[in-house]
Structures are given as structure tokens and as C-alpha cells.
2 protein chains.
Amino acid sequence: MLSKNTVKFIKSLHQKKYRVAEGLFFVEGEKSVVEVLKSDFVVDLLLVTESFESRNSPFLKGYKSELIRVTQGQLEQLGQYQSNDSALAIVRMKSNTSFVPSDRELIIALDDVRDPGNLGTIIRIADWYGIKKMVLSPQTAEFYNPKVIQATMGSFTRVQFFYENLDVVFAKWKLPVYGAFLEGDNVHELTQIEPGVILMGNESKGISPEIGKWVTKKVTIPGFGQAESLNVAIATAILCDNFKRLIGK
Amino acid sequence: MLSKNTVKFIKSLHQKKYRVAEGLFFVEGEKSVVEVLKSDFVVDLLLVTESFESRNSPFLKGYKSELIRVTQGQLEQLGQYQSNDSALAIVRMKSNTSFVPSDRELIIALDDVRDPGNLGTIIRIADWYGIKKMVLSPQTAEFYNPKVIQATMGSFTRVQFFYENLDVVFAKWKLPVYGAFLEGDNVHELTQIEPGVILMGNESKGISPEIGKWVTKKVTIPGFGQAESLNVAIATAILCDNFKRLIGK
């Protein structure tokens, strides 16, 4: 049964300060909950409707922690979805562990991308293009924000990430860093590209000068009309698409 | 001075039924208001802060309709922006007039794209790639929804559009129609493409079968990871980018 205390606890996880204090976040909706059950994330509590349980018994077999059966109405009270007839999971955050990329992979670095929807969309793009690692500046949106999780459509389970001052990581890694600028090389005209870091900047300010100094190659998405810019997630997608076209699998 | 009736009237335009009844919509924020003043849209009423007025006097010179000076606080009461220290314009909708594309241009058709943010982002992408015409199925989000206008970043002033049953227009136009499907030709491997219609489908259902029958070439955005799909605005951007790379200016 769903106690008042559990309701209060789950609702508290809508706020970052409680997520951070508890080291927990929530995931909702059938697809995302199934993805998290299949992943290496640790689920502490699962709220499921009867219909979710019957549809997804294979993914629930290995699940050993607390499970509470709830109604659709209860789920919609607890989460941010207007409609949720499936499940909500309380999941442990991963520790902020750094990685070192190999020199044969493409990775994404975000310099203060503030909008959770943009971050979530970029994580989904990374997963589409087989990019497995991301590094996020401290001012980038919080990975575990429910809006980020929602926008990733489950892809957050397949992308490794850590938060760190980009200055620090770029100094350490010594990899090619590609940044989108107005006066860079036209990505349609490139004939080859070395794997490295695709660096994307803040929604209004772009790549900051302190971080921009690490860019080893400026690239440009050619425009054919009058729009002054593209949304950062759109620009990330176009760069990933062009880079993967040149690099291949 | 800003009367109570004017406040009430502007607030009513947040709802579609009043926008449609009045044939008016609102545009807010410095960039979008300047774009609308530079465009062929007719502005009926302009609310401006002192600082907007002094920064943008060249764009205000030709403006002959009603202008009311307001404070930042008043603007934020009237619009949807949390922060707006510049302007809000009440603008006349254009009539839903059909067009016939030439056989040398790329256009975009949307089959029930429901999310206003997606529609707005796609309009901005169209403008970036110099695509000047869009046709929208009747169930596609409303062009004049404030969230659509906001997401276009002013690009709504440069894209011609009309709402019509896509069945009707495709029967009439007899142009190549490109649709994104999982089993289409890989867009990275295409060596040429004829100008025509890029057709994008609904966020969850994709292109409907009735409309899909008009597709003359199925195309696929190659995936390299495990994400099952891309957001519709992201997919639109990647198709536009690949098509313009092949077609050129």
C-alpha cells in the first residue's frame, strides 16, 4: 500500500535539493522504467499498475527491492506526467566518476547548456549516434532533473557522463576539440575528421571564451536562409550526423 | 495608458478560441517583436518599454497603429515570458492561402505534429535551411500558439504556410515526397536528390498510412547506437541538412 510518507517522499524528489540530499531521482512512464530496469542503475522502489506488471513480467523477474501496486490516478499524483498508466521508479544516482575517452571515439562536451529539455534531447541524440560518453560543465542542467530524464526517452541509461570544469578535462585529455562557430569550416565540405570532442555552448552565449581556447577546429553548419542560429540540440544533432557520416561506425 | 479592458483582451489571446475569433495573436520579446515589425505581418497594437523604444527607434518609425508604453512588470503580466523587459505586439493572422511550390524548391509537410515546441523548432530549422514554404495537416499544432511563436525565434515571419488535408495537396502537386522510415535509403549514402517535399509524421505514430502512400522515396537517418527514434524536430533538421548538402543553394 502507498503510505502518506512515501507519497511525501516521492514528491520531494521533484526538487533538486532533496534529490541531491537523498542521492535518488525518479523515472516515470513505461518505456523509461523498462529501460532503467534493464540498465545498471539500481532501482530502490517501484510503483506499478496492474497492467504494467502483466505486460512487463520478464523485466520484473530480477527485481528484488520494494514494489508497490498503485492506480493510474496515484501515479499521476506522484510524477510530472499528465497521463501515466504504467510505472514510476525511484532510482539511485551514480557517483560523479570521471572517464578518459579513447582516441577513437566521438564524445560530447556541454559548456553550460542550461535547459533540461535541451540536455535530455542531446542525450537521446548521443545514444542514436552511438556516442557513449559526455562531459558536462558544472553549470549545465542537472542530469537527474525529471525533464531531462523524460526528454531522453530512456537513453539516459546508456550514456556515461560526469560533471567537471571543462578547462580541467581538456587540459588533461589533449584530444581534438570541435566547436561550432560562425566562421568555421563548413561541415558539408569536410572530407575527413578525426574522432574527438564535440563541444556545444550555452543557449544564449554559446561557447565561453575560456573554454573556446581549447577548440582545435572551428566548424560551421551552413545556413541557407535568414535564421540567425539554431537551437543547441538541433546543432548538436547536425554535427553528430555529419561527423558520423565522415567517420562511419 | 494600459486599460483594464486591454489587459483582459490581451490575456484572452492566450486561448486559441479567442485568437481564432479575433484573428489576432501575440508576439513577445525583443527579437521576435523586431522581426514582426520588419515583416509583412500587420501589427495592430504594440506595448513597449521605454528602453525597447529607445533601442529600436528605426523599426518603430514606420509603425502607425496604437502604441502603449508599459513597464517590464506589466509585460510579464500579459505574456507568457517569465522575463520580458522589451515589448509585446498584437498581430493579425494571415489568411489560410494555399500555394503551389515550384519544382526546384524543397518544402516541408507536417502530418499531425502536435507539440507546439516541435512545430516552432521546425519553422526555425526551415528558415535556417532557406525553406520558405510549409504545408500543415489540420491536426498539426496551431501556428499562432504562443509556444510556437516563441520557439521560432522570429523565423515565423519568413515561412509561408497553409493548413490543408495532405491527401489533397499531394494529389494536386505531383512532386517527389520524401518520408523518413526505418527501412528507407540511408541519407548518408545518397549521391543526389531531386527537390520536393520532406514529409514528417506525428510524434508517436509517425507518418499515417493514408499519407504515407504519397511517399515516392523512403529515407532513413542512420543510427549507430541503441536509441529507438529521434525527436521529430531533430529528424527534420538532419534530413534538411543532408538534402541541402546534396542539392546546394
Side-chain angles (χ1 to χ4, degrees), chain A residues 31 34-35 38-39 105-106 115 117-118 120-133 150-159 186-190 203-204 221-249, chain B residues 31 34-35 38-39 105-106 115 117-118 120-133 150-159 186-190 203-204 221-249:
Chain A
K31 179 169 167 55
V34 168
E35 296 278 8
K38 288 159 62 184
S39 76
E105 68 184 327
L106 213 49
D115 180 78
N118 283 338
T121 304
I122 291 170
I123 293 165
R124 187 174 170 193
I125 292 163
D127 188 30
W128 179 268
Y129 284 103
I131 294 170
K132 297 188 191 318
K133 298 192 182 96
Q150 178 181 1
T152 72
M153 297 287 284
S155 290
F156 75 92
T157 60
R158 289 182 291 267
V159 174
N186 179 340
V187 291
H188 288 177
E189 290 166 4
L190 297 174
E203 287 87 348
S204 53
I221 297 169
F224 298 80
Q226 290 175 72
E228 279 170 25
S229 64
L230 287 165
N231 161 286
V232 63
I234 298 289
T236 306
I238 296 168
L239 290 185
C240 288
D241 187 73
N242 278 281
F243 279 41
K244 291 301 273 189
R245 175 173 56 78
L246 293 165
I247 294 172
K249 299 211 175 194
Chain B
K31 179 168 167 56
V34 168
E35 295 278 10
K38 285 159 63 182
S39 77
E105 69 184 327
L106 214 49
D115 180 78
N118 284 339
T121 304
I122 291 171
I123 293 165
R124 187 174 171 194
I125 292 163
D127 188 29
W128 179 268
Y129 284 104
I131 294 170
K132 296 186 192 317
K133 298 193 181 95
Q150 177 182 0
T152 72
M153 297 287 284
S155 289
F156 74 94
T157 59
R158 287 182 293 267
V159 173
N186 179 339
V187 291
H188 288 178
E189 290 165 4
L190 297 175
E203 286 88 348
S204 54
I221 297 169
F224 299 79
Q226 291 176 72
E228 280 170 25
S229 64
L230 287 165
N231 161 286
V232 62
I234 298 290
T236 305
I238 295 168
L239 290 186
C240 288
D241 187 72
N242 278 281
F243 280 41
K244 290 301 273 190
R245 176 173 55 79
L246 293 165
I247 293 173
K249 298 211 177 195

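Only heavy atoms go into these numbers, but all of them, side chains included; no hydrogens, no water, no symmetry mates. Just so we're on the same page: letters track the sequence lines, and every chain starts at 1.
- B:Thr152 pairs by the side chain to side chain donor-acceptor pair (under 3.5 Å) definition with nothing, not counting sequence neighbours.
- Counting heavy-atom pairs closer than 4.5 Å to chain B, the top-ranked of the candidates A:Ile125, A:Ile131, A:Val187 is A:Ile125.
- Scanning residues 234-243 of chain A against chain B with a 4.5 Å heavy-atom cutoff picks out A:Ile234, A:Ala237, A:Ile238, A:Asp241, A:Asn242, ordered by number.
- Residues forming a side chain to side chain donor-acceptor pair (under 3.5 Å) with A:Lys133 (at least two apart in sequence, or on another chain): A:Glu105.
- Residue contact with chain B, scored on non-hydrogen atoms closer than 4.5 Å, involves the side chain of A:Arg158 exclusively.
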Atom pairs and distances, side-chain donor-acceptor, residues 221-229 of chain A, under 3.5 Å, sequence neighbours left out:
| from | atom 1 | to | atom 2 | distance (Å) |
| --- | --- | --- | --- | --- |
| A:Glu228 | OE2 | B:Lys31 | NZ | 3.2 |
| A:Ser229 | OG | B:Arg124 | NH2 | 2.8 |

